[in-house]
Undergrad: 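First the structure, then my questions, so here it is.
Numbering of ligands and ligand atoms starts at 1, following listing order.
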Amino acid sequence: MKKVTPSLFSMYQICKREAWLHANGINMEQTSETVAEGKLISETTYKQRAAKYTELDLGVAKIDFYDAKNKVVHEVKKSNKMEHAHIWQTKYYLYLLKKMGIDAATGLIEYPKLRTTERVELTNEDEAYIEKAVAAAETLINQKTCPERIEKKFCKSCSYFEFCWVGDG
Ligand code: SF4
């Protein structure tokens with residue numbers, strides 16, 4: 001049974017097909033310049049972080065930069081175009097932390113290129129939504145058939161763009 005990781009949950013907010021493809025091992029990210037650039041930002045902008053923050057294993061995923069003293073999950077993103085998905089990814093981390101007994105943690109999404117940050121908290125309503133949505137996402141990623149593609153402007157910057165659209169008559 002495939003499990004819903006926070007990054008899969010983020011994809012699920014954007015495109016269910018993307019989440020299914022990723023969960024089922026069809027991975028184009030190595031060829032995606034956008035993803036490579038995002039990784040570079042994460043690695044170079046925050047070189048000092050490894051010493052300052054700890055890595056935390058949540059079972060289904062790990063948090064790369066966790067400030068245990070202040071109970072803050074730090075997420076670094078390249079652009080805020082998909083901010084709602086970044087927020088849900090971070091809220092899912094907070095939810096998983098709460099399940100582990102770490103209550104009232106918060107998140108900080110950082111956009112180094114934009115020099116902005118977004119603070120994230122987990123409400124009771126969020127928890128109810130996450131429980132429902134994660135169950136639905138788990139059903140989706142374990143189904144045999146790939147969901148239909150969606151036609152959105154952001155397809156052009158998706159790592160599956162060629163897979164979904166190139167060669168299509
Ligand atoms: S290219 Fe579009 S339809 Fe295909 S996975 Fe990406 S967002 Fe979804």
Side-chain angles (χ1 to χ4, degrees), residues 1-46 58-65 73-96 107-123 125-169:
M1 184 82 158
K2 296 174 191 81
K3 292 285 173 199
V4 180
T5 63
S7 60
L8 268 181
F9 194 55
S10 171
M11 286 176 207
Y12 180 79
Q13 307 298 324
I14 299 166
C15 171
K16 293 177 174 54
R17 180 177 169 94
E18 183 183 6
W20 188 95
L21 288 168
H22 192 83
N24 285 276
I26 301 162
N27 201 331
M28 306 284 159
E29 287 189 344
Q30 287 81 355
T31 57
S32 164
E33 282 176 28
T34 311
V35 172
E37 193 187 345
K39 276 188 183 149
L40 192 66
I41 287 172
S42 197
E43 282 161 14
T44 55
T45 312
Y46 293 99
L58 301 173
V60 70
K62 69 175 168 52
I63 299 172
D64 290 330
F65 302 114
V73 175
H74 290 261
E75 263 294 298
V76 182
K77 299 290 185 193
K78 177 174 158 272
S79 127
N80 62 357
K81 276 189 198 146
M82 298 294 178
E83 191 164 43
H84 75 284
H86 303 159
I87 290 172
W88 279 113
Q89 178 180 1
T90 309
K91 282 179 187 277
Y92 189 31
Y93 280 126
L94 302 180
Y95 171 87
L96 291 169
L108 198 65
I109 306 171
E110 303 172 32
Y111 300 99
K113 271 191 147 183
L114 308 172
R115 297 180 187 278
T116 60
T117 57
E118 173 80 29
R119 192 178 139 82
V120 180
E121 289 178 3
L122 183 73
T123 65
E125 291 77 25
D126 295 335
E127 280 185 59
Y129 168 74
I130 287 169
E131 269 162 25
K132 268 179 141 176
V134 167
E138 194 169 283
T139 302
L140 178 111
I141 62 173
N142 284 287
Q143 72 185 26
K144 292 230 165 7
T145 50
C146 179
E148 289 295 307
R149 61 193 182 183
I150 54 169
E151 194 166 355
K152 296 279 179 188
K153 272 190 189 166
F154 56 72
C155 282
K156 286 201 174 131
S157 54
C158 174
S159 56
Y160 293 107
F161 177 70
E162 291 198 7
F163 180 87
C164 291
W165 297 102
V166 173
D168 182 74

Undergrad: I'd like to know if the side chain of R17 and the backbone of E148 have a donor-acceptor N/O pair within less than 3.5 Å.
TA: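 Judged by distance alone, no pair lies under 3.5 Å.
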
Undergrad: With heavy atoms under 4.0 Å as the rule, classify the contact between F154 and ligand 1 as side chain, backbone, both or neither.
TA: side chain

Undergrad: Could you tell me, atom by atom, which parts of ligand 1 come under 4.0 Å of a heavy atom of W165?
TA: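 In order of numbering, the contacting atoms are 1 (S), 2 (Fe).
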
Undergrad: Any Lys/Arg nitrogen of R119 or E121 sitting under 4.0 Å from an Asp/Glu carboxylate oxygen of the other?
TA: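 Looking at R119 and E121, the cut-off is met.
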
Undergrad: Is it true that K77 and E75 have a side-chain N and a carboxylate O under 4.0 angstrom from each other?
TA: yes

Undergrad: Can an N, O or S atom be found in C155 less than 2.8 Å away from atom 4 (Fe) of ligand 1?
TA: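 Coordinating: no.
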
Undergrad: Closer than 4.0 Å to some heavy atom of E18 - which atoms of ligand 1 meet that?
TA: 5 (S)

Undergrad: So, for Y12 and W88, is the gap between ring centers shorter than 6.0 Å?
TA: no

Undergrad: Can you report which non-hydrogen protein atom sits closest to atom 4 (Fe) of ligand 1, along with the distance?
TA: C164 SG, 2.4 Å

Undergrad: Would you confirm whether Q143, through its side chain, and T145, through its main-chain N or O, come within 3.5 Å as a donor-acceptor pair?
TA: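 Yes, the answer is positive, given that a donor and an acceptor are paired below the 3.5 Å cut-off.
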
Undergrad: May I ask which of C158, A19, C15 has a heavy atom nearer to atom 6 (Fe) of ligand 1 than the others do?
TA: C158

